Amino acid sequence: MAAIIQLQSDVLVIGGGPAACWASLAAREAGCSVVLVDKGYVGTSGATAPSNTGTWFATTPERRARLIAEREKSAEGLADLRQMGRVIDTATQHLHVLAERGYRFPRDDDGELYIANLRGPDYMRFLRQQLVRAGVIVRDHHPALELLVAGEVVAGAAGVARQLGQNWQARAGAVVLATGGCAFGSRILGATGLTGDGQLMAAELGASLSGMEFSNQYGIVPLHSSVNKGLPYFWASFYRADGSAIDIPPGQRFPVLARESLEGPISARLDRASGAVPEALRRGQPNCFLPFERAGIDPFEELFPIALRSEGTVRGTGGLKRGDDDCGVGIPGLFAAGDTLERQDIAGAATGGGGPNASWAVATGVWSGKGAAAFAQRLGSRAAERSVRPAGQAGLRPAASSRAIDPAEAVALVREEMLPVDRHFFRSAPRLAGSLTRLDTAWEAIRDHAQGDGVAALRLREAAALLASSRWACRAAQARTETRGMHRRLDAPESQPAQARRLTIAGIDQPVLSFDSLPLEAAAS
Amino acid sequence: MIELLSETRCTACNVCVKACPANVFEAVPGGVPVIARQGDCQTCFLCEIYCPVDALYVAVDPEHVTGITESAVVEAGLFGSYARALGWKKGREGGADSDPTHRLRQASLTAMPTGPRSTAP
Ligand SMILES: Cc1cc2nc3c(=O)[nH]c(=O)nc-3n(C[C@H](O)[C@H](O)[C@H](O)COP(=O)(O)OP(=O)(O)OC[C@H]3O[C@@H](n4cnc5c(N)ncnc54)[C@H](O)[C@@H]3O)c2cc1C
Ligand code: SF4
Ligand code: SF4
């Protein structure tokens, strides 16, 4: 390997989705120099870029109250009403900032700006242009592998510049982790890079996680495709292989389809769409129609086979536990934003998809960027004088003797244990225990023996991060001995009032789990 | 997965090498890039809209290679079809301002009082 690339800034942002972009812009506006390193390319990487995301915003107090009330209900006791209000307010303000800066929102039929939807490719490209204009140093294809610490304080990160064949090291006064959720290797839109790297890096320094049992949201895809956009299915009917229609009681679509999919093949047809809807669907959600166009299917007239595909924590709610209103995660100098953080505040036990997640990425991006800027400014020029050491373990610094470990095997195992409907849509104690035995064995092998450099190190770190998130998810699912929201235990189908509390996990090797002591309704008021 | 990079259409601008978030392409000095890591493709279709000359084709299946040929893609008119549907041209963005999604939200609130409601669009 050639010489190490050295980067230096007040704030380092790790990630390249909306959360990372908003964090960078906020830190820059606070007067800091900012370096952003992304695993992929800012504009195309992450879950937003290939999708369209609905947003969560309110321009009237009535709408704000209604949005909060709706989500409070589906959150099943785990949301935080104050944070919901903060997210809606900050996101609404910044959606208007987008419009002011020239993002081309459409207008509705009354001529009003329609900020309820962001077209992924356009939105992310626009944010990239804003970064460049603001003077943020953007480094694409620079995945971070580990954090750097000065004593107990986070002081930067190190990784690989995969298109340059070099390693990089970035020193900073504060770091924002915005590496997205963990998709457990599921082939959904935008998810290849979402391996939970940020969660692992933070946990290596002692940060804890929460809500990891809510890591099992599933979406509908046309069979043999990656397109997990849900909107068109609002107008769908669903069928069994014998052509009989599947009856779906209100609010029961996913459990019913999940059960049916275990019985035999299932299909859909968008036969409830009429009037202006088919045309608006085709033009408004073109990515949804790629599978149909390319297979020569008319989805409004013909049946097409579908499957349920896991969306991990991307549309689930688990992640790093937020320590304060600035999105610090309890480690000095370290902040997190977007899907890297747990989102029970806004979604509880239900999915944060459909608007809250997109707005969360905006709001927590802004807060973490400001928080990191303030932290870096307090350090001032002392930041650069500190001596640092790298903090990464599994995949980089084996606990025992190093030997060849194939990361692809670990990824295949994670997919087998974490994606099937009959393992994680419907969970049960024996299956969770079986998965954990195998996941723990694979984790121990990586922890004890794996060692790589350059791109090989990236693959090993991704495998380690996938295993870490899988083990947290299975342990949390074991500990929550009830059914709540997306966490469905076949062996404990009722909700337990005593478990209307969040579940915190600390530690990677021997995770320690505990229910938070305060019921959240009380904490929120 | 990404399946085709049309050597006849490609101008070797290397935009796809840079813009693919999964680092699937590899630049080739003096030539057109190659699809070097097909298995890493996340089937996001974004390279298609970044390519200024519609030289790329992504098949829908994210797990298996279909083996579709260039002539079949030409015949079906599929080179550049996603870009056209979005309103992107020559690798540049466009069309967000005429997105009719507001009609969908409107229809979903008014036109369908019965039936299951979408929970995760
Ligand atoms: C198909 C689909 C549809 C969706 N629709 C909606 C919707 O309608 N409404 C809604 O609210 N939400 C929706 N979501 C969820 C929404 O897209 C996410 O919540 C949002 O993208 C989160 O933003 P983020 O910046 O936290 O993460 P992401 O956008 O996922 O970005 C993560 C970034 O981190 C980078 N990264 C990862 N690891 C590293 C590393 N080691 N080093 C450097 N960089 C790294 C990745 O390259 C990527 O750029 C949808 C998701 C999908 C998949
Ligand atoms: S973006 Fe298109 S034209 Fe440019 S190198 Fe890639 S395939 Fe060729
Ligand atoms: S579809 Fe996406 S991941 Fe695949 S080659 Fe194109 S840009 Fe890369």
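Only a predicted model underlies this, so the values are computations on that prediction, with no experimental measurement involved. Below, read A as the first sequence line, B as the second, and so on, with proteins coming before strands; counting in each chain starts at 1. What you see below is based on every heavy atom in this structure, not just the backbone, and it leaves out hydrogens, waters and symmetry mates.
Only the backbone of A:Phe105 comes within less than 4.5 Å of a heavy atom in chain B; its side chain stays farther off. The contact between A:Ala191 and chain B is made entirely by backbone atoms, counting heavy-atom distances below 4.5 Å. Heavy-atom distances place no part of B:Val73 under 4.5 Å from chain A, backbone and side chain included. With a 4.5 angstrom heavy-atom cutoff, A:Gln129 touches chain B only via side-chain atoms. Proximity to chain A (any heavy atom under 4.5 Å) is shown, for B:Ile68, by neither the backbone nor the side chain. Proximity to chain B is limited to the side chain of A:Val227, based on heavy atoms less than 4.5 angstrom apart. A:Arg119 touches chain B through its side chain: at least one heavy atom from C-beta onward sits under 4.5 Å away, while N, CA, C and O do not. Heavy-atom distances place no part of A:Ile220 under 4.5 Å from chain B, backbone and side chain included. With a 4.5 angstrom heavy-atom cutoff, A:Arg128 does not touch chain B via any of its atoms. At a 4.5 Å heavy-atom cutoff, the contact between B:Tyr82 and chain A is made by backbone and side-chain atoms alike. For B:Ala76, no part sits under 4.5 Å from any heavy atom of chain A, backbone or side chain. Only the side chain of B:Leu46 comes within contact range of chain A, judged by heavy atoms closer than 4.5 Å. Of the atoms belonging to A:Ala49, heavy atoms from both backbone and side chain fall under 4.5 Å from chain B. Looking at B:Arg84, there are no atoms closer than 4.5 Å to chain A (heavy atoms on both sides), in backbone or side chain.
The greatest number of non-hydrogen atom pairs below 4.5 Å with chain B, out of A:Pro121, A:Gly120, A:Pro291, is found for A:Pro121. When the candidates A:Leu223, A:Asn287, A:Val42 are compared by the number of heavy-atom contacts under 4.5 Å with chain B, A:Asn287 comes out ahead. Ranked by heavy-atom pairs under 4.5 Å with chain B, the list A:Pro106, A:Ala295, A:Gly16 is led by A:Pro106. For the set A:Ala280, A:Gly219, A:Gly40, the count of heavy-atom pairs under 4.5 angstrom toward chain B peaks at A:Ala280. Contact tally against chain B (heavy-atom pairs below 4.5 Å) for A:Gln252, A:Gln285, A:His141: the top residue is A:His141. Listed options A:Glu293, A:Arg107, A:Lys39, A:Arg125 were ranked by heavy-atom pairs under 4.5 angstrom with chain B; first place goes to A:Arg125. Contact count versus chain A (heavy atoms, under 4.5 Å) is highest, among B:Ala59, B:Ser81, B:Cys20, B:Gly87, for B:Ser81.
In this structure, a donor-acceptor pair under 3.5 Å is present between the side chains of A:Asn117 and B:Asp99. A:Asp122 and B:Trp88 are linked by a side-chain donor-acceptor pair at a separation below 3.5 angstrom, with hydrogens and angles left out of the test. Side-chain contact annotation: A:Ser237 with A:Arg272, donor-acceptor N/O pair under 3.5 Å present. Under the 3.5 Å distance criterion, with hydrogens and angles disregarded, no donor-acceptor pair is assigned to the side chains of A:Ser226 and B:Gln42. Side-chain contact of A:Asp38 with A:Ser45: a donor-acceptor pair under 3.5 Å is present, judged by distance alone. Side-chain N/O atoms of A:Ser51 and A:Thr53 include no donor and acceptor closer than 3.5 Å.
Without hydrogens or angle criteria, A:Arg187 side chain to B:Glu63 main chain gives no donor-acceptor distance under 3.5 Å.
Between A:Arg282 and A:Glu279 there is no salt bridge, since none of the side-chain N atoms of the basic residue sits less than 4.0 Å from a carboxylate O of the acidic one. Between B:Arg9 and B:Glu48, none of the side-chain N atoms (NZ, or NE/NH1/NH2) sits under 4.0 Å from a carboxylate O, so this pair counts as no salt bridge.
For A:Glu70, the CD atom counts as densely surrounded, since its 6.0 Å shell holds more than 12 non-hydrogen atoms of other residues, nucleotides or ligands.
Note: A:Tyr123 and A:Tyr103 have perpendicular aromatic rings, judged against thresholds of 30 and 60 degrees for the angle between ring planes.
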Checklist entry - Checking salt bridge (Lys or Arg N to Asp or Glu O under 4.0 Å) for the pair A:Lys229/A:Glu311: CA distance, chi angles, key distance, verdict? => result CA-CA 11 Å; A:Lys229 282 295 300 177; A:Glu311 301 171 324; over 6 Å; no
Next on the checklist: Walk me through whether B:Arg103 and A:Asp109 qualify under salt bridge (Lys or Arg N to Asp or Glu O under 4.0 Å).
Outcome noted: CA-CA 8 Å; B:Arg103 302 233 166 82; A:Asp109 292 336; 2.8 Å; yes
